[in-house]
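Accompanying notes for the structure given below.
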Protein chains: 2
Amino acid sequence: MEEPPDVVIRRLPLYARSLRYLLQEGVESVSSQELGDRINVTAAQIRKDLSYFGEFGKQGIGYNVRKLLQQIEDILGLTREWPVAVIGIGHLGEAIARYEGFRQQGIRIAGLFDSNPSKIGKVIDGMTVQSIEEADRIIREQGIRLAIIAVPARSAQEVTDRLVMAGVRAILSYAPTVLQVPEGVWVRYIDPVAILHSMTYYLARDIHSTRHNSPES
Amino acid sequence: MEEPPDVVIRRLPLYARSLRYLLQEGVESVSSQELGDRINVTAAQIRKDLSYFGEFGKQGIGYNVRKLLQQIEDILGLTREWPVAVIGIGHLGEAIARYEGFRQQGIRIAGLFDSNPSKIGKVIDGMTVQSIEEADRIIREQGIRLAIIAVPARSAQEVTDRLVMAGVRAILSYAPTVLQVPEGVWVRYIDPVAILHSMTYYLARDIHSTRHNSPES
DNA sequence: GAAAGTATGTGAAGTGTAGCACTAAGTTTG
DNA sequence: CAAACTTAGTGCTACACTTCACATACTTTC
């Protein structure tokens, strides 16, 4: 079996989420077509994606929602719980710490860290903000491999180096800068400003012309 | 000249940002190689991308930082200011409203909206949270075409329909659900949970095997 | 229980993007 | 001022991903 491409891995969580919604709605069976319509992905794409991991459907029927969800969660490693460190407890870091969506499905906020002494000791949702100095030890002790960075761009690289040194292997960064990491460490970015700036291109163009080409991310 | 693909449009803001940093550092000239090294993009990619819009460099020299930045900002429509409506003022919406990064470079938060009466009237950074009922009028009056959605998944589609009806043409959604929009409306998503869930795949795999394929988003 | 209907899994074709490698044009060196 | 060096712009190639379309398999209908 071939190695699944990263684009496929990125779509799996969307399939999983959609299946969770279906489950809540009490739907027990779904076809690749129905699932695809919900998330604007073609049926063939879904079937191809899943085929990297096995055969999960029944011809003539479709997929059992609960079973497929379990299998995708298993593939993604969501059957266990992943402790996550959050670095940088400004407005954004605090919102992340409080976000219910993280609590579920395999993610557990395991530590909040900041370098600003005025933030340290602050309690957010039952968790105490700790000094960044403590991060190394706690990451090592708890075997934390996932971190979310919400610090200013200027300190993001320094924080990253530190985290990687302590054992973090996957980073979700909200800092508006590209991080350099050694082989074997995964970085993904959340960059709302860049997204907005890319959309203004189309808005500006649409104002000047009437030409349209297909939107939708 | 050919229509630039969307992937290229999405990279332009990254180039722009990197050029802004270079400008702050006092660098006046940069080669595609140097710029690429900073943001982990090949030199050829940068040159190819820019070639969709014209010729901005000097052979043997590279690019004038200030000039290239201006030209990219011009392409992206960032020479004017885009008013943005923010819908959903929970922890995240508030963090968005307070984020300094939005204030700069063409984006101006023009209105904060929520459906929860207990939120309405709240003042955030000098802006008063208004009822979602007011959004239609204000979007029309101010010609707002860009919106950020930070509402729960269950109300995201309803809010979207409303915004589109009022004239919004580009939406950045933080809601964990796929939105259906008519032709001519752009939607992009920020989905930290999906990103984390895609990274756990690699973390889980690395624990079970020693095989590595290249990380980095 | 045969025929019609539905939907998966997948080889093959099609599409789009990234990178190579070369030409052209400028600069620096001696 | 010529030779060596640097770097942009770009046609072409290679590759990766998406979509098509069909064989297969299961279900429902009559």
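Numbers restart at 1 for each chain; the letters A, B, ... are given by sequence-line order, proteins then strands. Here the structure is a predicted model, which is why all the values come from computation and not from measurement.
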Handout entry: Positional range of nucleotides in DNA chain D within the contact set of chain B, heavy-atom, under 4.0 Å
Key = D/dT6 to D/dC12
Exercise for the section: Using the test salt bridge (charged side-chain N to carboxylate O under 4.0 Å, His left out), find all partners of A/R145 that sit at least two apart in sequence or belong to another chain. Expected result: none
Handout entry: Interface with DNA chain C, restricted to residues 15-26 of chain B and to heavy atoms under 4.0 Å
Key = none
Completion exercise
Closest non-hydrogen atoms of A/P83 and A/I144, given as atom of the first, atom of the second and distance, are O-CG2, 3.6 Å
Handout entry: Exercise: identify the closest heavy-atom pair between B/S29 and B/I61
Key = OG-CG2, 3.8 Å
Show me the donor-acceptor pairs within less than 3.5 Å that the side chains of residues 147-158 of chain A make with the rest of the protein, sequence neighbours left out.
unit_1 : atom_1 : unit_2 : atom_2 : d
A/S155 : OG     : A/P152 : O      : 3.4
A/Q157 : OE1    : A/Q180 : N      : 2.9
A/Q157 : NE2    : A/D161 : OD1    : 2.8
A/Q157 : NE2    : A/Q180 : O      : 2.9

Practice task
Please identify each residue that fulfils salt bridge (charged side-chain N to carboxylate O under 4.0 Å, His left out) with B/R108, with sequence neighbours left out.
Solution key: B/E81
Practice task
Taking only heavy atoms on the protein side, list every residue of residues 57-74 of chain B lying under 4.0 Å from any atom of DNA chain D, sorted numerically.
Solution key: B/G57, B/K58, B/Q59, B/G60, B/I61, B/G62, B/Y63
Exercise for the section: Could you list the residues that satisfy side chain to side chain donor-acceptor pair (under 3.5 Å) with B/S198, not counting sequence neighbours? Expected result: A/R188
Practice task
Give every residue pair that meets the ring-ring contact (aromatic ring centres under 6.0 Å, His included) criterion with at least one member in residues 71-106 of chain A, sequence neighbours excluded.
Solution key: A/Y99-A/F102
Fill in the blank from the handout: Min and max contacting nt of DNA chain C in 5' to 3' order, chain B heavy atoms within under 4.0 angstrom, are C/dT17 to C/dT27
Exercise for the section: Please name all residues satisfying side chain to side chain contact (heavy atoms under 4.5 Å, CB included) with B/R38, sequence neighbours left out, ordered by chain then number. Expected result: B/S18, B/Y21, B/L22, B/E25
Exercise for the section: Please examine the side chains of B/L172 and B/I190, heavy atoms only from C-beta on, and report whether any two atoms are closer than 4.5 Å. Expected result: yes
Exercise for the section: Can you establish whether the number of heavy atoms outside A/Q142 located under 6.0 Å from its atom CD is more than 12? Expected result: yes
Only pairs under 3.5 Å count here: list side-chain donor-acceptor contacts from residues 41-48 of chain A, not counting sequence neighbours, and write none if there are none.
unit_1 : atom_1 : unit_2 : atom_2 : d
A/T42  : OG1    : A/Q45  : N      : 3.2
A/R47  : NH1    : A/S32  : OG     : 3.1

Fill in the blank from the handout: Of A/V7 and B/S31, the one whose closest nucleotide on DNA chain D sits nearer the 5' end is B/S31
Exercise for the section: Using the test salt bridge (charged side-chain N to carboxylate O under 4.0 Å, His left out), find all partners of B/D74 that sit at least two apart in sequence or belong to another chain. Expected result: none
